[in-house]
Each structure stands twice: as structure tokens, then as C-alpha cells.
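Per chain, numbering begins at 1; letters A, B, ... match sequence-line order. Side-chain atoms are counted along with the backbone in the values below, which use heavy atoms only and exclude waters and symmetry mates.
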2 protein chains.
Amino acid sequence: MSEATRRERLRAETEREIRASARELLVREGREAVTLRAIARELGITAPALYRYYDSREALLVALCQDICADLAADLRAAIDRVGQDQPAERVFAACWGFRRWALAHPHEFALVFARPSAGEPAPTGHELGRDEFGRAFLEVVLPLFVSARIWVPADDTVPTELHDDLLRFREMLAETLGGSSPARELSIGAIFLMLQSWARLYGHVALEVFGQLDFAVSSSEPLFESMLAGLAEEVGLTPSMH
Amino acid sequence: MSEATRRERLRAETEREIRASARELLVREGREAVTLRAIARELGITAPALYRYYDSREALLVALCQDICADLAADLRAAIDRVGQDQPAERVFAACWGFRRWALAHPHEFALVFARPSAGEPAPTGHELGRDEFGRAFLEVVLPLFVSARIWVPADDTVPTELHDDLLRFREMLAETLGGSSPARELSIGAIFLMLQSWARLYGHVALEVFGQLDFAVSSSEPLFESMLAGLAEEVGLTPSMH
DNA sequence: CGTTCGTGTGAACGGTGTTTACGGAGTTCG
DNA sequence: CGAACTCCGTAAACACCGTTCACACGAACG
């Protein structure tokens with residue numbers, strides 16, 4: 001059946017158990033509670049045994065990030081696919097709502113993946129990889145709108161010239177990681193610019209809500225998010241497709 | 001001279017030293033590095049002695065939050081006052097730039113104050129108090145624009161009705177904490193709504209930058225921030241006052 | 001069969017937050 | 001002045017943490 005030897009299967013199995021246990025601790029009590037000894041206790045082994053699977057606690061957390069991103073990506077894809085392919089605008093809304101819903105339902109995971117203060121040092125390698133899985137899900141549903149003329153894309157000469165090089169480099173990176181079949185290369189500079197600004201607004205609002213920075217003002221921040229999303233959609237001329 | 005006895009002066013002095021030491025550790029190495037024993041070491045005392053001043057490490061961190069907010073508020077006020085009172089729009093810009101600059105220069109402090117994942121439990125009491133000192137500085141410079149007709153405030157009937165009660169309650173709270181002299185009571189529902197949405201965009205973009213969630217795309221996110229701010233200003237009709 | 005390799009253990013080191021009992025210095029009051 | 005009291009700091013201890021190391025045991029391989 002599987003190419004893997006018995007040993008390899010066992011190893012993969014406990015590896016999964018470790019991450020599952022770590023995940024549960026993270027969800028229930030936050031980052032500081034995911035402890036090697038706590039994980040080992042739950043698995044019925046001792047803490048040093050975990051070093052056979054991960055180089056350090058930090059490495060385990062990085063692996064956790066990837067798991068989380070994969071789950072988030074799957075969650076997002078499911079939400080998106082609940083909308084028909086013939087409604088590209090609604091699919092984007094589904095992605096945005098899905099992201100917000102997931103973040104609010106998993107605050108500690110959100111904080112781990114999307115809010116480590118990057119004090120200078122470059123993000124760990126594995127982190128980027130995991131992030132891409134989430135980014136890919138988002139881009140797949142968003143890209144079609146940005147390359148087609150379905151929304152109002154700002155003219156290239158309205159984006160700050162200091163950004164041109166960065167944006168072109170970013171487009172190249174996108175095209176590479178998304179594969180040749182994606183239309184990433186057709187993105188105009190204005191389109192990439194708009195994408196980043198939209199991402200900033202979406203992420204920003206979600207972070208604001210997850211971190212409770214609106215609690216002092218409103219009891220439910222959902223209407224604010226809804227307004228923000230509607231405003232953004234209107235601003236870019238994203239209208240529901242009549243079916 | 002001072003009402004305080006000798007004992008009280010000494011106590012206040014070491015209290016300051018404790019927080020200063022904690023602050024330095026936070027700035028240099030992040031939240032996890034601010035350790036009771038490390039602080040004690042630097043002060044030449046032992047760790048349990050710190051319990052004479054703070055009930056726990058967590059309580060000390062809360063006190064740190066207040067210090068940080070006070071410093072941020074002072075920083076903001078200084079930036080604002082570098083602009084003349086006759087240029088209210090420019091003062092708002094100065095506040096926004098100041099907030100971003102401070103956040104990027106103090107990522108760990110920003111994370112501590114503005115990005116603790118609020119997993120259900122209400123924010124600690126002291127935290128809110130500290131936050132207010134920052135909020136007050138911001139509001140003082142922003143309120144005049146929102147009560148006057150200097151910007152385009154959305155009509156009250158365009159804000160979601162579910163928010164009305166919350167917004168009115170929030171206005172009441174503002175009027176209370178800002179004192180009777182402030183024009184907070186004159187805010188329309190649309191104005192409060194616009195304030196919150198603008199705060200969301202500002203905070204959101206800053207958090208995005210501090211947490212390096214744009215690094216994968218651009219080498220410098222400053223032009224993006226500048227565009228966002230300019231877009232926001234244009235949207236609300238905030239134009240520089242001709243002098 | 002013997003050997004190697006993978007996986008786990010137990011002990012240990014240095015670090016952490018926190019509690020406890022205790023001592024000594026400063027303050028207050030008879 | 002001297003006694004009583006309050007405050008500040010200490011040392012020891014507890015339970016926990018990440019991490020390293022030497023060692024053992026069983027499965028896999030030649």
C-alpha cells in the first residue's frame with residue numbers, strides 16, 4: 001500500500017499527535033501554554049522525547065503555524081466553494097467573511113500566525129511557506145477580479161513611483177508561486193497596488209476586532225466590519241453578479 | 001515641599017526604577033524577556049522583593065502598559081503641537097504620522113498594548129485607564145474636525161441601526177471622560193461612526209506594518225501608508241487649511 | 001546472527017513565577 | 001529614650017519551564 005515503512009508510519013503518527021496536542025493547548029490557553037512538558041504529559045511520554053521530532057519549542061511553533069495556515073486555507077476554500085463559480089464577486093465576499101469568522105473564532109491562532117512582532121529579524125523560513133498556503137487560497141479567488149476589468153483598478157501612474165519596483169517584483173513572485181497557469185502576470189501595477197491596499201483594510205479590521213480594540217466603543221463590531229467591507233467593495237466597483 | 005514622607009519617596013523611586021528596568025527589557029528583547037529575576041538583577045535586589053511593589057508579573061505588565069500609553073500620548077502631543085493651532089487638518093495628519101512612527105519604532109511596546117489577544121475575558125481595569133490617556137490625546141485633536149462641518153460626515157440614517165445604541169453610549173462615555181468642556185456631546189451618530197471607521201483603518205494599517213505582514217510584498221511600506229492616509233483624508237473631505 | 005539506527009527514559013542544569021518564614025531598619029508613639 | 005509597629009528585603013523552597021546528555025531497549029538491516 002503506502003511506500004512508508006512501519007517505522008515511518010509510526011513516526012508520522014506521533015508527529016501528528018504532537019501537533020494536535022500543541023494545537024489544543026494553544027487554542028485553549030494561548031501561546032504561552034503550549035509547553036513541551038504539557039504536550040509530553042498528554043501523550044504519555046517525557047519532554048526530551050519531543051526533541052526527536054522538533055529541534056526546539058520554537059521549531060514546533062513554526063510547524064504549528066503551517067498547520068494553522070493549512071486549516072485556515074481549507075476553511076476558506078470551503079466557504080468559497082459554497083458559492084458558485086459564476087458569482088466571482090460573492091466568492092470574494094465569502095473569502096473575506098470566512099477570514100473574519102475564522103480569526104474571531106481562533107484568536108490565539110490568529111495572534112500566533114499574523115501578529116508576531118517582527119522586530120527586525122526576518123521571518124522564519126517555514127513561516128513564509130505556511131503563509132503561502134493561506135495566501136494562495138485567497139489569491140485564487142481574488143485574482144480573477146483584479147486581472148479582468150470587473151473592478152475599477154487605479155491607473156498605473158497614480159501609484160507612488162517608489163513602489164513600482166517592489167510591486168513588479170511582487171508580481172513576479174506571485175506568478176512563480178502560483179504556477180504558470182495563473183493570470184498573475186497580467187496584473188497591472190495599479191491592480192497590485194489595489195490588492196495590497198485592500199488586504200491592508202481587511203487584515204486591519206480583523207486584527208482590530210480580534211484584539212478587542214473596539215470593545216471600548218461597541219458591543220458588537222460586526223456591523224462595522226460589514227460597513228467597511230461594503231465601502232471597500234463600492235470603492236473598487238465590486239458589484240454582485242446578477243445570476 | 002512634597003507631602004510625601006521619606007519612606008513614600010523612596011518607595012516611589014524604586015517603583016520607577018522597576019518599571020524603567022522592565023521597560024528596557026521589553027524594548028530590547030520583547031515581552032517574554034521582561035522577567036522578575038532579570039529586573040531584580042538589574043536593581044541589585046532579589047526577585048521576591050518585587051512582590052512588595054506589584055502583585056504579580058502580570059500586574060507589572062499592566063502597569064507597564066499605562067507607562068507606555070502615557071509616553072505615547074506625550075509623544076503624540078509633542079508631534080501635534082509642532083503644528084500650529086490654526087491648522088487643524090495638519091494636526092490630525094501629525095497625529096497619524098506620529099502614531100505610525102511610534103509604533104514602528106517600538107514594536108514590542110505596540111504589541112503589548114495593542115495586540116493582546118482578548119480571548120473573551122474583559123480587558124484588565126488598569127489597561128483601559130492607560131489606554132484612555134492615549135485616546136485622549138488623539139481625540140483632542142480629532143474631535144474638533146468631527147463636530148464642525150469641516151469634513152464630510154455621513155448622514156445618521158446611513159449607519160447601521162444596530163449600532164445606534166452603542167454609538168450613543170460611546171458618545172456619553174467620551175463626554176464623561178473628556179470632561180464637560182469638550183464638544184463630544186455635539187457629535188452626530190454619523191460622526192462617531194466615521195471616527196471608528198477611520199480609527200480602524202489607521203490602526204489596521206499600522207498593525208499590518210508593525211507585524212511585518214507586508215514584508216512579503218514590499219521593501220518599504222511607507223508609501224502604502226501614505227496612500228492610505230491620503231485616500232482616507234480625501235474620502236472624508238479633509239483638506240489642508242490654507243494659511 | 002550481530003550491528004546499526006530510531007526512539008524513549010532519567011537525571012541534571014539553569015532558568016522561571018510565586019509563597020513562606022524571617023530579619024533588620026525606619027517610623028511612630030507612649 | 002525605648003518599645004511597638006510597619007515596611008522592605010532576604011533566603012529557602014516549590015513547581016514549573018526548555019534543553020542537554022548518557023544510556024537502554026527494540027525494531028530494522030546486512
Side-chain angles (χ1 to χ4, degrees), chain A residues 1-26 28-65 108 112 116 121 124 126, chain B residues 1-26 28-65 108 112 116 121 124 126:
Chain A
M1 186 50 92
S2 63
E3 269 297 326
T5 73
R6 181 179 131 84
R7 269 243 258 259
E8 279 165 340
R9 266 185 294 113
L10 283 181
R11 181 180 178 84
E13 176 60 24
T14 54
E15 214 161 327
R16 259 192 307 276
E17 284 178 21
I18 291 173
R19 289 192 306 223
S21 171
R23 186 75 167 277
E24 197 186 318
L25 287 165
L26 175 66
R28 265 214 317 258
E29 310 177 54
R31 164 174 188 152
E32 315 217 327
V34 33
T35 277
L36 294 189
R37 290 191 147 95
I39 297 169
R41 225 168 315 169
E42 202 161 341
L43 298 203
I45 60 178
T46 61
L50 295 174
Y51 282 81
R52 300 291 176 193
Y53 298 87
Y54 297 95
D55 286 343
S56 68
R57 182 183 111 113
E58 206 53 39
L60 202 170
L61 285 175
V62 169
L64 252 197
C65 278
H108 289 129
L112 180 64
R116 38 169 77 245
E121 79 275 20
Chain B
M1 183 64 69
S2 63
E3 268 299 323
T5 72
R6 181 180 131 85
R7 266 244 259 259
E8 279 165 339
R9 266 185 295 111
L10 283 181
R11 181 180 177 85
E13 177 59 25
T14 54
E15 216 161 324
R16 258 194 307 276
E17 284 179 20
I18 291 174
R19 288 193 306 223
S21 171
R23 185 74 167 278
E24 196 186 319
L25 288 165
L26 174 66
R28 265 213 319 255
E29 310 176 55
R31 163 173 187 150
E32 315 218 328
V34 31
T35 277
L36 294 188
R37 289 191 147 93
I39 297 169
R41 223 169 305 156
E42 202 160 340
L43 298 204
I45 60 178
T46 61
L50 296 174
Y51 282 81
R52 301 289 177 194
Y53 300 88
Y54 298 97
D55 285 342
S56 68
R57 182 183 111 113
E58 206 53 39
L60 201 170
L61 285 176
V62 169
L64 253 197
C65 278
H108 288 129
L112 180 64
R116 40 170 75 240
E121 79 274 19

Answer yes or no: is there a side-chain heavy-atom contact under 4.5 Å between [X] and [Y]?
X: B:Leu61; Y: B:Leu26; answer: no
X: B:Tyr54; Y: B:Arg19; answer: yes
X: B:Tyr51; Y: B:Leu36; answer: yes

Between B:Thr14 and B:Glu17, is there a donor-acceptor pair closer than 3.5 Å when you use the side chain of the first and the backbone of the second?
-> no

Taking only the side-chain heavy atoms of [X] (C-beta and beyond), determine which of [options] contains the nearest atom.
X: B:Arg52; options: C:dT9, C:dA21, C:dG15; result: C:dA21
X: B:Ala49; options: D:dT19, C:dT9, D:dG9; result: D:dG9
X: B:Leu36; options: D:dC17, C:dT9, C:dT18; result: C:dT18
X: A:Thr46; options: D:dC8, C:dT18, C:dT9; result: C:dT9
X: B:Arg41; options: C:dG15, C:dG17, D:dG18; result: C:dG15

Nearest whole angstrom, please: distance from the [atom2] of [N] to the [atom1] of [X].
X: B:Leu25; N: C:dT16; atom1: CG; atom2: P; value: 10 Å
X: B:Leu43; N: D:dT10; atom1: CG; atom2: C1'; value: 15 Å
X: A:Glu32; N: D:dG18; atom1: CD; atom2: P; value: 11 Å
X: B:Arg9; N: D:dC7; atom1: CZ; atom2: P; value: 17 Å
X: B:Tyr51; N: C:dA21; atom1: OH; atom2: P; value: 16 Å
X: B:Ile18; N: D:dC8; atom1: CD1; atom2: P; value: 10 Å
X: A:Glu8; N: D:dA27; atom1: CD; atom2: C1'; value: 13 Å
X: A:Leu10; N: D:dA27; atom1: CG; atom2: P; value: 11 Å

Quick one: the side chain of A:Arg11 and the base of C:dG6, do they pair up donor-acceptor inside 3.5 Å?
-> no

Looking at C:dG17, does its base get a donor-acceptor pair with the side chain of B:Arg37 below 3.5 Å?
-> yes

Return the 5'-most residue of the pair A:Thr35, B:Leu50 with respect to DNA chain D, ranking by each residue's nearest nucleotide.
-> B:Leu50

Taking for each residue the nucleotide of DNA chain D with the nearest heavy atom, is it B:Pro48 or A:Ala47 whose nucleotide lies nearer the 5' end?
-> B:Pro48

Base, sugar-phosphate alone, or nothing: which one does B:Arg57 contact when heavy atoms must sit under 4.0 Å apart?
-> sugar-phosphate

Identify whether any heavy atom of A:Tyr53 sits under 4.0 Å from a base atom; if not, whether one sits that close to sugar-phosphate; answer base, sugar-phosphate or nothing.
-> sugar-phosphate

Answer yes when B:Glu8 and B:Arg11 have at least one side-chain N-carboxylate O distance shorter than 4.0 Å, and no when they do not.
-> no

